[in-house]
Number of protein chains: 2
Amino acid sequence: MTPQTHLREQIARLARLDAATGWVGDLNPTQRAAISYLARANRFSRSPSHLSGYLGTTRGTVSQTLKSLLQKGYVTEQRSETDKRVISFELTDRGQKIAETPTPLDAVLKELSDEDQQSLQHILSRAMRRVLAQNQGPEFGPCRTCVYHSRGEAGSECSLLSVALTKQESDQICFEQVSA
Amino acid sequence: MTPQTHLREQIARLARLDAATGWVGDLNPTQRAAISYLARANRFSRSPSHLSGYLGTTRGTVSQTLKSLLQKGYVTEQRSETDKRVISFELTDRGQKIAETPTPLDAVLKELSDEDQQSLQHILSRAMRRVLAQNQGPEFGPCRTCVYHSRGEAGSECSLLSVALTKQESDQICFEQVSA
DNA sequence: TGCAATAGTATCGAGTCGCTACTATATGCG
DNA sequence: CGCATATAGTAGCGACTCGATACTATTGCA
């Protein structure tokens with residue numbers, strides 16, 4: 001077995017074990033991942049299409065996932081005014097609470113030294129960028145790191161969509177984001 | 001969002017994207033994980049129970065997974081002589097071929113610097129040990145790193161099960177393994 | 001000998017997931 | 001303008017995962 005395969009198995013196993021032990025209430029791992037995404041994504045990026053891009057699955061599957069989250073009261077949906085094909089989802093208080101609940105893996109990662117956490121962060125980001133380049137998928141990074149992000153006097157702005165951004169919004173992730 | 005949550009999401013997303021893009025033929029991610037495990041586990045550790053311990057799932061689920069792999073010709077099963085409750089699975093040539101096929105994530109990890117690969121290895125191992133300690137599950141490390149492993153003149157031996165081990169077997173993983 | 005522990009399986013219901021087919025809306029081009 | 005094409009989302013199918021529960025067969029211990 002190559003060292004890369006060993007690494008890959010470790011990553012997969014960590015994710016799997018966290019998913020297995022991290023069930024909260026009636027949410028399976030995918031449903032929880034969807035909630036995590038909605039908690040981080042900005043208002044332009046909370047549609048089924050974007051979620052499927054982030055999760056690496058199809059729109060059909062995501063549609064089902066969101067339908068069940070809707071039925072269980074974790075999210076609400078709203079059709080866009082400007083483009084009537086688009087639906088934007090939002091977390092309810094109940095969903096927000098789930099997003100803020102740490103998993104067993106969170107606790108373990110917190111116990112690592114700051115140095116280890118930073119290295120891990122950097123190495124995983126590098127790997128992630130390469131995977132995404134291979135998939136030709138968007139990065140979903142935060143606005144503040146984007147080439148279209150410009151800091152004005154009264155706040156920041158997205159020069160691509162021509163909208164003002166609050167400080168909070170600059171930290172949210174966006175499907176259009178391109179690392180500067 | 002805490003930095004740990006960000007790390008956890010990166011791990012989960014990498015695993016998810018690899019699973020999504022890494023379909024080989026008619027095998028889903030779990031089925032592939034099962035094949036990877038069987039390729040690495042020694043002859044004492046290739047039963048449904050051990051696989052379920054490794055994957056963090058239940059015996060019932062694993063039983064189904066192995067049944068479908070059996071039907072599709074990736075594995076064969078054999079009842080143990082000594083304990084007639086136990087079934088040991090083995091990869092067919094077809095299964096072996098799958099285990100040796102690298103995934104997209106393998107390729108990406110290979111492009112990382114040797115230093116990054118080593119750091120990642122160490123940090124993930126540390127995290128894994130803590131997760132397993134929390135779950136009270138076995139490590140499934142290779143025999144050669146085990147407290148019960150003793151190197152004799154003609155080869156190595158497992159002092160727990162009292163069996164001689166070939167060089168190859170010392171590199172396989174075992175459900176009884178306890179890091180020295 | 002008898003009873004608890006263990007290994008594995010069957011079955012159920014909810015859900016994932018790729019796939020194909022479908023509807024509705026938007027957009028580009030002649 | 002009008003029509004073709006692209007895009008957003010959904011419905012339904014079949015294979016499968018997964019937790020849960022209930023079950024059989026075998027083993028081990030008191």
Inset, instruction - Assign Gln64(B) to base, sugar-phosphate, or nothing according to its heavy-atom contacts below 4.0 angstrom with the strands shown. - result: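 Answer is base: heavy atoms of Gln64(B) come under 4.0 Å of a base.
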Inset, instruction - Could you tell me whether a side-chain N or O of Ser45(A) sits under 3.5 Å from a main-chain N or O of Phe175(A), the two making a donor and an acceptor? - result: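 Confirmed, Ser45(A) side chain pairs with Phe175(A) backbone.
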May I ask you to verify if any side-chain N or O of [X] is less than 4.0 angstrom from the OP1 or OP2 atom of [N]?
X: Asn28(B); N: dC17(C); result: no
X: Lys72(B); N: dC16(D); result: yes
X: Ser49(B); N: dG8(C); result: yes
X: Gln31(A); N: dT16(C); result: yes

Inset, instruction - Would you mind building the protein contact string for nucleotides 19-30 of chain D? One character per nucleotide, 5' to 3', B for base within reach (heavy atoms under 4.0 Å), S for sugar-phosphate only, - for untouched. - result: B-----BBS---
Legend entry - Test salt bridge (Lys or Arg N to Asp or Glu O under 4.0 Å) applied to Arg43(A) and Glu169(A), step by step: CA-CA 9 Å; Arg43(A) 59 201 144 106; Glu169(A) 284 177 320; 2.7 Å; yes
Inset, instruction - Assess whether atom CG of Asp26(B) is packed by more than 12 heavy atoms of other residues, nucleotides or ligands within 6.0 Å. - result: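 Yes, CG of Asp26(B) has more than 12 neighbouring heavy atoms, counting only those of other groups under 6.0 Å.
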Inset, instruction - Answer yes or no: are there more than 12 heavy-atom neighbours, outside Glu111(A) itself, under 6.0 Å from its atom CD? - result: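 More than 12 within 6.0 Å, yes.
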Legend entry - Carboxylate-amine/guanidinium proximity below 4.0 Å for Arg40(B) and Glu9(A):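 Salt bridge between Arg40(B) and Glu9(A), a charged N being under 4.0 Å from a carboxylate O: yes.
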In whole angstroms, how far is the [atom2] atom of [N] from the [atom1] atom of [X]?
X: Phe175(B); N: dA7(C); atom1: CZ; atom2: P; answer: 8 Å
X: Leu27(A); N: dT17(D); atom1: CG; atom2: P; answer: 22 Å
X: Tyr74(B); N: dC16(D); atom1: OH; atom2: P; answer: 11 Å
X: Glu77(B); N: dG8(C); atom1: CD; atom2: C1'; answer: 10 Å
X: Ile35(B); N: dT17(D); atom1: CD1; atom2: P; answer: 11 Å
X: Leu51(A); N: dA8(D); atom1: CG; atom2: C1'; answer: 14 Å
X: Leu66(B); N: dA10(C); atom1: CG; atom2: C1'; answer: 15 Å
X: Leu69(B); N: dT17(D); atom1: CG; atom2: C1'; answer: 12 Å

Inset, instruction - Specify the residue among Phe89(B) and Ser68(A) whose closest nucleotide of DNA chain C lies further upstream toward the 5′ end. - result: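 Its nearest nucleotide lies further toward 5', so the answer is Phe89(B).
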Legend entry - Contacts of type ring pair (Phe, Tyr, Trp, His ring centres under 6.0 Å), residue Tyr37(B), not counting sequence neighbours: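 Per chain and number, Tyr37(B) pairs via ring pair (Phe, Tyr, Trp, His ring centres under 6.0 Å) with Tyr54(B), Phe140(B).
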Inset, instruction - Return the residues of residues 39-48 of chain B meeting this criterion: a heavy atom under 4.0 Å from some atom of DNA chain C. Order them by number, or give none. - result: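 Close to the strand are Ser47(B), Pro48(B).
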Starting the side chain at C-beta, find the nucleotide from [options] nearest to [X].
X: Thr30(B); options: dT9(C), dA7(C), dC18(D); answer: dC18(D)
X: Thr65(A); options: dT17(D), dT16(C), dG8(C); answer: dT16(C)
X: Arg16(B); options: dT10(D), dC17(C), dT17(D); answer: dC17(C)
X: Lys67(A); options: dA11(D), dA7(C), dC18(D); answer: dA11(D)

Inset, instruction - Take Ser47(B) and His50(B) through the side-chain hydrogen bond (donor to acceptor under 3.5 Å, both in side chains) test and state the conclusion after the steps. - result: CA-CA 5 Å; Ser47(B) 72; His50(B) 300 138; 2.9 Å; yes
Inset, instruction - Walk me through it: do Gln177(A) and Thr145(A) pass the test side-chain hydrogen bond (donor to acceptor under 3.5 Å, both in side chains)? - result: CA-CA 8 Å; Gln177(A) 188 267 4; Thr145(A) 67; 2.7 Å; yes
Inset, instruction - Kindly work out whether a path of hydrophobic side-chain contacts (I/L/V/M/F/W/Y, heavy atoms less than 4.5 Å apart) joins Val86(B) to Leu160(B). - result: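 No, because Val86(B) and Leu160(B) fall into different hydrophobic clusters, even though each may have its own neighbours under 4.5 Å.
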Inset, instruction - Determine, using the 4.5 Å side-chain heavy-atom cutoff (strictly less than), whether Val147(A) and Leu165(A) are members of one ILVMFWY cluster. - result: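 Hydrophobic grouping puts Val147(A) apart from Leu165(A).
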